[in-house]
Each structure stands twice: as C-alpha cells, then as structure tokens.
There are 2 protein chains.
Amino acid sequence: MRFEIDQHSKTPSYLQLAGKLRDAITAGEYGPREAIPSLKQLQQESTLAMGTVQRAIQVLEDEGLVYTVPGRGTFVSPAHE
Amino acid sequence: MRFEIDQHSKTPSYLQLAGKLRDAITAGEYGPREAIPSLKQLQQESTLAMGTVQRAIQVLEDEGLVYTVPGRGTFVSPAHE
DNA sequence: CTGTATTTGTTCGTATGTATT
DNA sequence: AAATACATACGAACAAATACA
C-alpha cells in the first residue's frame with residue numbers, strides 16, 4: 001500500500017493523505033507538470049472512499065501545489081517540485 | 001423556500017447556494033458575527049443533501065466571508081456585513 | 001466519426017463522531 | 001442527560017471532459 005492511512009488517528013484521513021502527497025511532491029517524487037496518481041489509484045492505494053481522496057486533492061489544490069484537468073488528471077504545479 | 005435551487009442549471013447546486021448566501025450576506029441580511037441558518041435549515045430550505053449544503057458553506061469559508069464553530073453554527077466574519 | 005476507456009466533477013443518502021448548549 | 005450543530009467518511013450513481021483505437 002503506497003499511501004497508507006491510520007483510520008484511528010485523531011487526524012482526519014483526508015488530511016493524512018494530503019500530507020503524504022504533499023511530502024512526496026516536495027520530495028520531488030513527482031516533478032512539475034507531472035501527473036500524480038489518479039483518484040482511482042489513490043483510492044485503491046489508501047483504502048479510502050473516492051470522496052475522501054478527492055477532498056485530499058482539494059486541499060493541495062487550494063494550496064496551489066497541484067492543479068486538476070477534468071478528464072486528464074491531477075498535475076504538480078509548475079512553480080513547485 | 002428561502003433558498004431555491006435550479007437542479008437543471010449548468011451551475012452546480014453548491015455554487016448556486018453559495019451565491020445566494022453570499023448575496024444575502026453582502027446585502028446585510030446577516031450582520032457581522034451573526035449566525036446564518038444552520039446546515040439543517042439550509043438543507044430543508046434548499047432541498048439539497050447535507051453534503052452539498054456543507055460544500056456551499058465551505059466555499060464561503062474559503063473566501064473568508066464566514067467562519068464556523070463546531071457545535072454552535074456558522075457566522076458572518078467580523079470584517080464583512 | 002464512432003465508440004470505449006479513463007479520469008475528474010457533482011450529488012445523493014446515510015452513519016457516526018465531536019463540540020456546544 | 002438530551003438536543004442541536006458542525007465534521008468526517010462511506011458507497012453509489014451519473015455526468016462531463018479527454019484520450020485513443
């Protein structure tokens with residue numbers, strides 16, 4: 001499981017996932033304009049519901065760390081790496 | 001129905017509701033530090049699902065127009081009216 | 001051009017948890 | 001203890017955009 005979530009943590013699942021993704025991006029695992037895993041992949045690799053995964057992505061989007069293109073995917077913002 | 005939503009509009013329901021609430025707040029219908037209707041009330045007066053209502057509130061919260069206190073309610077931000 | 005698959009977007013209904021009154 | 005109110009999470013369905021054979 002690439003993105004494991006502790007369901008019993010006091011930190012909400014969506015924030016845990018957002019944190020793991022943020023870490024991976026700032027660590028350079030996904031470069032600028034590069035796609036991060038799809039919602040479906042993240043869902044499978046985290047055992048979370050789709051809605052919860054989407055909420056995690058929303059957090060990173062609000063931070064300007066990633067941007068989303070409907071039908072294509074979610075990508076790391078050009079200014080970050 | 002105080003907050004009516006057009007289910008067939010191309011504008012998502014949560015953005016429609018957010019817009020109506022924003023208008024009411026900027027029109028002064030709810031003053032600074034004053035509570036807006038509860039999620040339950042909004043849900044009943046809009047025929048939307050709770051999750052959709054909450055998403056509308058989230059939009060206004062992100063704008064800094066309102067703030068939320070768990071167990072108490074959602075209030076108009078002090079700087080706005 | 002025509003499907004088909006992939007991916008994100010919206011919405012519903014429900015359940016449970018946490019905070020406040 | 002009970003009622004009210006917001007928070008998190010699940011699972012499901014359908015829509016819309018995109019890519020590709």
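The structure presented is a predicted model; accordingly, all values stated were derived computationally and were not measured. Atoms considered below: every heavy atom in the structure, side chains included; atoms not considered: hydrogens, waters and symmetry mates.
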Which of these nucleotides, C/dT10, C/dG13, C/dG9, is closest to any side-chain atom of B/Ala49?
C/dG13

Length of the [atom1]-[atom2] vector between [X] and [N], whole Å:
{"X": "B/Leu17", "N": "C/dC12", "atom1": "CG", "atom2": "P", "value": "11 Å"}
{"X": "B/Leu48", "N": "C/dG13", "atom1": "CG", "atom2": "C1'", "value": "13 Å"}
{"X": "B/Lys40", "N": "C/dG13", "atom1": "NZ", "atom2": "C1'", "value": "15 Å"}
{"X": "B/Ile5", "N": "C/dT11", "atom1": "CD1", "atom2": "C1'", "value": "13 Å"}
{"X": "A/Gln43", "N": "C/dT7", "atom1": "CD", "atom2": "C1'", "value": "13 Å"}
{"X": "A/Tyr67", "N": "C/dG9", "atom1": "OH", "atom2": "C1'", "value": "18 Å"}
{"X": "A/Gln41", "N": "C/dT6", "atom1": "CD", "atom2": "P", "value": "11 Å"}

Checking B/Gln44 now: which residues fulfil side-chain contact (heavy atoms from CB on, under 4.5 Å) with it, not counting sequence neighbours?
B/Lys40

Taking only residues two or more places apart in sequence or in another chain, which ones pass side-chain contact (heavy atoms from CB on, under 4.5 Å) with A/Glu34?
A/Tyr30

Residue whose closest nucleotide on DNA chain D lies nearer the 5' end, B/Gly51 versus B/Ser38
B/Ser38

What string of B, S and - do you get for nucleotides 15-21 of chain C, 5' to 3', if B is base contact, S is sugar-phosphate-only contact and - is no contact with any protein heavy atom under 4.0 Å?
----BSS

Sequence-distant partners of [X], side chain to side chain donor-acceptor pair (under 3.5 Å), two or more places apart:
{"X": "A/Arg72", "value": "none"}
{"X": "B/Ser13", "value": "none"}
{"X": "A/Gln41", "value": "none"}
{"X": "A/Thr52", "value": "none"}

Clusters formed by hydrophobic residues whose side-chain heavy atoms approach within less than 4.5 Å: which one holds B/Met1, and what are its other members?
none

Residues sharing B/Phe75's hydrophobic cluster, by side-chain heavy-atom contacts under 4.5 Å among ILVMFWY, directly or via others?
B/Tyr67, B/Val69

Under 4.0 Å from any heavy atom of chain B: name the first and the last nucleotide of DNA chain D that qualifies, 5' to 3'.
D/dA5 to D/dT8

Do the side chain of B/Gln16 and the main chain of B/Thr11 share a donor and acceptor less than 3.5 angstrom apart?
yes

Can you check whether A/Leu48's main-chain N or O pairs, donor with acceptor, with A/Ser46's side chain at less than 3.5 Å?
yes

Once you apply the 3.5 Å cut-off to both distances, tell me the Watson-Crick or G-U wobble partner of D/dC14, or none.
C/dG9

Have a look at B/Ile57 and say if it touches a base, only the backbone sugar-phosphate, or nothing, with a 4.0 Å heavy-atom cut-off.
nothing

Within residues 6-16 of chain B, find the residues that approach DNA chain C with a heavy atom at under 4.0 Å, and present them sorted by residue number.
B/Gln7, B/Pro12, B/Ser13, B/Tyr14

Not counting sequence neighbours, list each pair that qualifies as a salt bridge (charged side-chain N to carboxylate O under 4.0 Å, His left out) and has a residue in residues 5-20 of chain B.
none

